[in-house]
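In what follows, every heavy atom counts, from backbone to side chain, and hydrogens, waters and symmetry copies are set aside. Each chain gets a letter, A, B and so on, in the order the sequences are listed, and its residues count up from 1.
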Amino acid sequence: MKRTHNCGELRKQDVGKIVSLAGWVDRRRDLGGVIFVDLRDKYGKTQVVFNPDRNPEVHKIADKLRNEFVIYITGEVQNRPEGMQNDKISTGDIDVKVDNLQILNESLTPPIAINDPKEECKENDDFRLTYRYLDLRRPWIQKNLMLKSRFLKAVYEFFYANGFENVETPVLCKSTPEGARDYLVPSRVNPGKFYALPQSPQQYKQLLMIAGMDRYFQIAKCFRDEDLRADRQPEFTQIDVEMSFVNQEDVMEMFDKFVTDVMGKVWNFTPPRHIRHMDWHEAMLKYGSDKPDLRFDLEIHDVSDIAKESNFGVFKSVVAAGGKVRGIAAKGCIDFTRKQIDDLTAFVGRYGAKGLVWMRVKEDDVVETQVGKFFTTEQLNAFRDTVGAKNGDLMFFIAGPEKTAATAMGQLRLEIARMKGLKDPKRREFVWITEFPMFEYSETEGRYMAMHHPFTAPLPEHLDMMLSGNLKDCNAQAYDLVLNGVEIGGGSIRIHDPKVQEKVFRLLGLSEEQVKEKFGFFVDAFKYGAPPHGGLAFGLDRVVATLEGEDSIRDFIAFPKNTSASSPMDQCPSDVDLAQLNDLHISINIADKKK
RNA sequence: GGGGUGGUAGCUCAAUUUUGGUUAGAGCACCGGCCUGUCACGUCGGAGGUUACGAGUUCAAGCCUCGUCCAUCCCGCCA
C-alpha cells in the first residue's frame, strides 16, 4: 500500500494527478447519487467523491462507509466546480474522483463526536479519558500534541546550541523528607525497602555539577503524590536545567534568551529581550500573589496606616494585632449589584478573609459607604487617594493577618479582572519573581520549612542573618518565571558550601543523624570540591498550555489521569495478584469500607 | 482532610409560576426511505430511559430527606 500524498497537502497544482490517500472517514454526505467523504488524517482533510456515473461498483461500496471507517482510495485530483470551493480547509479548491476504494477497517459508531470543532467538545473529562484513543483523534487535540512536539524539538536545539549536555537520571530513587509525598516502589530483592519515584531530579543534577558536567539539561518525568488540580498531574514533565559557575543573573539571562529563542520562535511572538524582575515582597503587596498576572493593573495598596486611626473596630483591631488592611480600586465597577458584592464577599471568604468592606466613589470623587460613620471625611478621601479611585469606581478593603489580607485581595483582584474581561488572552506578560524568603513558618508542622527546597542558597548579604538564626527576614537566591499569572518555571542558586548546607538542615529541624541517613551521600559529595552552581526547571505541560491560553494541562498530555489519579481507560491503578504482593513482601491493610 | 457544583437516551442538556401529579422531552449521533455538487447537506419516518446506587417521607418522587459512590472546581496540600 502506498500513499502518494497525505490528506492535507493536495492543491490546485495537483489537478489531473492520480493519487492514493488513506485515512479515516470524518464525515459522509450521501446526496442519493453522488457521495462525498471527508477523508481525515493527522495532516488535514481532503474531500473525496464517489460518483455512480463514473464508477458504479466503487459507489456501491462507498454506500457502506460510516464515520471512522479506515479507507484507502485511489483517484484523480480535480478542480471543484466554480463556486463549490471550501475556503475553510486548505485542500478546499480540489477534490478526488475515486476509482478504487478499499475498506481497511470498519468502525463501531464512535461514542464521542470526533469531527466536532473544539467549542462543541463538552463531554465530561472522565468520559473523554475512557475513550482517550478516540478523543486523541480530534484534530484540535492532535494540534496540541504536535505543538508540544515542535516545542520540544526547539528546546533540544537550544540547549545543544548553548553547550548543555543531555544526561539521564534514575527513576528509581531514594525517598527523601521535605517536599511532596513520594510515589513508592517496593523492592523485591531488598525485602521491606522502597524506592521513590523522583519529585524532580534535583539532587542528581547537582551531583552532575559536582561531577564537572558544567551544563546539564533533561526532559525529565517527575512524580508527586499530592491532590490534583486542572493544572497538576501525578506525573508531569520538567525541562530540567543546571549550570556551574553561575549566579542568579547568569541563569536568568540564559532563560531570557530561552524565552526569546524557543518560546518566541515556536509561538511566533517577540518577548522582551530582558524579562522584567519584581521582588517577592512587591509582588505580594501589589498583586497579592507570588505569581502576578501583569496583563492588567488593578494594583493593591496598603491602607493600614489610615485604617488604624479610624473608629472602625475591625480595621483597628486587625492592625493592632499586627495585621494589615489592603485596598483596591475596581475601575468602573460602581454599578456592581448588591448580589455581586455579596458573591465577592463569599469568594474572598474562601481565602480566609473575614469580610469585605466596599465604598463607592461618586460624582466629584465623593466617597459613599455604609460604614461611613466610622471614618472621617479625610480618612475616606485618604483611602480613595491611596488606592487611586475616581468617580465611577468601587473600592474594596480586606483586613487580616498580612498573608491572608494579601492573598485574599490578590484573588479578588483576579476575580474582578475576570468579571471585567481584563485578561487579554492574546497578551503575554512575563516576569521574574526574585528574592523569595528562604523559610516559611508552617503552622501544621510547627517549624520553619524551606520555601523553595533545602538546597537553596540565601542571598550573600543575608547569609550572616541566617547563620545568626534570623529566619524570618532571610531571602533566598531563588527565582520563578511567571507568565500571565502562571508559574511556568522556577529555580535557585544552590548552596555549595557544606557548612552552610549543614546549618540549613539544622535550621529546618533535621538532626545530624537524620541528615546522615537521608542526605549523607549528598552532603559528602560537597566535601570534594563542589562548584558554585544553580539552575531551574520549567513545567513543560504548563508552559505549552499557558502559551496556548489554556488553564488545564490535560489536553496537552496524551494519557493524563483524572482528579483521583486514576485512568478511566485502562483502569489503573488496579489490584494485583497475591503472588506479586508476596514477591514484594507486602500485605494489604485497608480498613473495611464496603460490605 | 474540608467546601462548592453536578450525575436524566450513546453525547450535550431540558422537565415551568406555590416542596412533588398522569405517557420524562429536545438537539446531535444512530437505523430506514427519498434526494447526483454537498461540505455541520437536505428531507420524511423510526428506534433508543432501572432519571448514578440504596433507603426514607407521601395517595404519588427525576424533583423532598438521609446515606453511599463517582466526576469536576476550589481550599488545605503541591520544597
* To do: Begin with the C-alpha distance, continue with both residues' side-chain angles, and end with the deciding distance and a verdict on side-chain hydrogen bond (donor to acceptor under 3.5 Å, both in side chains) for T345(A) and D342(A).
  => CA-CA 5 Å; T345(A) 306; D342(A) 285 347; 4.8 Å; no
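Atom CG in D38(A) sits about 8 Å away from atom P in rA40(B), given to the nearest Å. Separating the CG atom of L31(A) from the C1' atom of rC34(B) is a distance of 12 Å, rounded to the nearest angstrom. For the pair L228(A) CG and rC73(B) P, the interatomic distance rounds to 10 Å; values are reported in whole Å. One interatomic measurement links the two molecules: CG of D551(A) to C1' of rU72(B), which rounds to 14 Å at whole-angstrom precision. A straight line from CG of N51(A) to P of rU38(B) spans 14 Å, rounded to a whole angstrom. Separating the CG atom of L39(A) from the P atom of rC39(B) is a distance of 19 Å, rounded to the nearest angstrom. Computed from coordinates, the D116(A) CG to rC30(B) P distance equals 11 Å when rounded to whole Å. What separates CZ of R27(A) from P of rC28(B) is a distance of 12 Å, to the nearest Å.
Distance check, rounded to the nearest 0.5 Å: CD1 of I103(A) to CG of L65(A) gives 5.0 Å. Within the model, atoms CZ of F521(A) and NZ of K516(A) stand 14.5 Å from one another, a figure rounded to the nearest 0.5 Å.
Annotation: rC70(B) and rG56(B) have their C1' atoms spaced 22 Å apart (nearest Å). Separation of the P atoms belonging to rA61(B) and rG21(B) is 11 Å when rounded to the nearest angstrom. If you take atom P in rA71(B) and the same atom in rC63(B), they sit 23 Å apart, rounded to whole Å. Annotation: rG27(B) and rG42(B) have their P atoms spaced 13 Å apart (nearest Å). Taking the C1' atoms as reference points, rG62(B) lies 15 Å from rU22(B), given to the whole Å. With both ends at atom C1', the span from rC34(B) to rC53(B) equals 46 Å, rounded to whole Å. Taking atom C1' in both rC11(B) and rG49(B), one finds a spacing of 14 Å when rounded to whole Å.
Note on R66(A): only backbone sugar-phosphate atoms sit closer than 4.0 angstrom, heavy atoms only; bases stay farther off. In this structure, Q202(A) reaches the bases: a heavy-atom distance under 4.0 Å links it to at least one base atom across the strands shown. Here M449(A) lies out of heavy-atom contact (under 4.0 Å) with every strand. Within the nucleic acid shown, S200(A) comes within 4.0 Å of at least one base atom, counting heavy atoms only. Looking at heavy-atom distances under 4.0 Å, N115(A) makes no contact with the nucleic acid at all. Looking at heavy-atom distances under 4.0 Å, E487(A) makes no contact with the nucleic acid at all. Among the protein residues, R128(A) comes within range of no part of the nucleic acid, since none of its heavy atoms lies under 4.0 Å from any strand. As judged by a 4.0 angstrom heavy-atom cut-off over every strand, R181(A) is placed among residues making no nucleic acid contact. Note on A180(A): only backbone sugar-phosphate atoms sit closer than 4.0 angstrom, heavy atoms only; bases stay farther off. K88(A) comes within contact range of the sugar-phosphate backbone alone, with a heavy-atom separation under 4.0 Å but no base atom that close. Contacts of D225(A) with the nucleic acid, taken as non-hydrogen atoms under 4.0 Å apart, are absent.
The nearest heavy atom of RNA chain B to R542(A) and to Q47(A) marks one nucleotide each, and the one closer to the 5' end goes with Q47(A). Closest-nucleotide positions on RNA chain B for S552(A) and S442(A) were compared, and the one nearer the 5' end corresponds to S552(A).
Closest to the side chain of E226(A), from the set rA71(B), rG37(B), rC77(B), is rC77(B). The side chain of R224(A) sits closest to rC78(B) out of rC78(B), rC30(B), rA40(B). Among the nucleotides rA71(B), rC30(B), rC75(B), the one closest to any side-chain atom of N67(A) is rC30(B). Considering only side-chain atoms of R29(A), the nucleotide from rC39(B), rU36(B), rC75(B) that sits closest is rC39(B). Side-chain proximity of R80(A) to rA71(B), rU36(B), rC39(B): nearest is rC39(B). Which of rG37(B), rC77(B), rC39(B) sits closest to the side chain of R229(A) comes down to rC77(B).
Residue D570(A) places its CG atom among more than 12 non-hydrogen atoms of other residues, nucleotides or ligands, all under 6.0 Å distant. By the 6.0 Å contact criterion, NZ on K354(A) is open, its count of non-hydrogen atoms from other residues, nucleotides or ligands being 12 or less. A 6.0 Å sphere centred on OH of Y131(A) holds no more than 12 heavy atoms belonging to other residues, nucleotides or ligands.
At a cut-off of 3.5 angstrom, counting only N and O atoms as typed in the model, there is a donor on one side and an acceptor on the other between the side-chain of D227(A) and the base of rG76(B). Judged by distance alone with a 3.5 Å cut-off, a donor-acceptor contact links the side chain of D53(A) to the base of rU36(B).
Outside the 6.0 Å centre-distance limit, the rings of F236(A) and F223(A) are not counted as a close aromatic pair. Side-chain rings of F255(A) and Y479(A) stay apart, their centers remaining 6.0 Å or farther from each other.
Figure legend. rU23(B) is base-paired to no nucleotide; pairs are counted as Watson-Crick or G-U wobble with both atom distances under 3.5 Å. Base-pair partner of rA60(B): not found among the strands shown (Watson-Crick or G-U wobble, both distances under 3.5 Å). A 3.5 Å limit on both hydrogen-bonding distances identifies rG10(B) as the Watson-Crick or G-U partner of rC28(B).
At the phosphate of rC73(B), OP1 or OP2 sits under 4.0 Å from a side-chain N or O atom of T563(A).
There is a side-chain donor-acceptor pair under 3.5 Å between R494(A) and S492(A).
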* Asked: How does protein contact run along nucleotides 3-12 of chain B, one letter per nucleotide 5' to 3', with B for base contact, S for sugar-phosphate only, - for none, heavy atoms under 4.0 Å?
  -> -------SSS
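Here R80(A) does not pair with D93(A) in a salt bridge; the nearest charged N to carboxylate O distance is not below 4.0 Å.
For V486(A), the side-chain contact (heavy atoms from CB on, under 4.5 Å) partners at least two apart in sequence or on another chain are I488(A), R542(A), T546(A).
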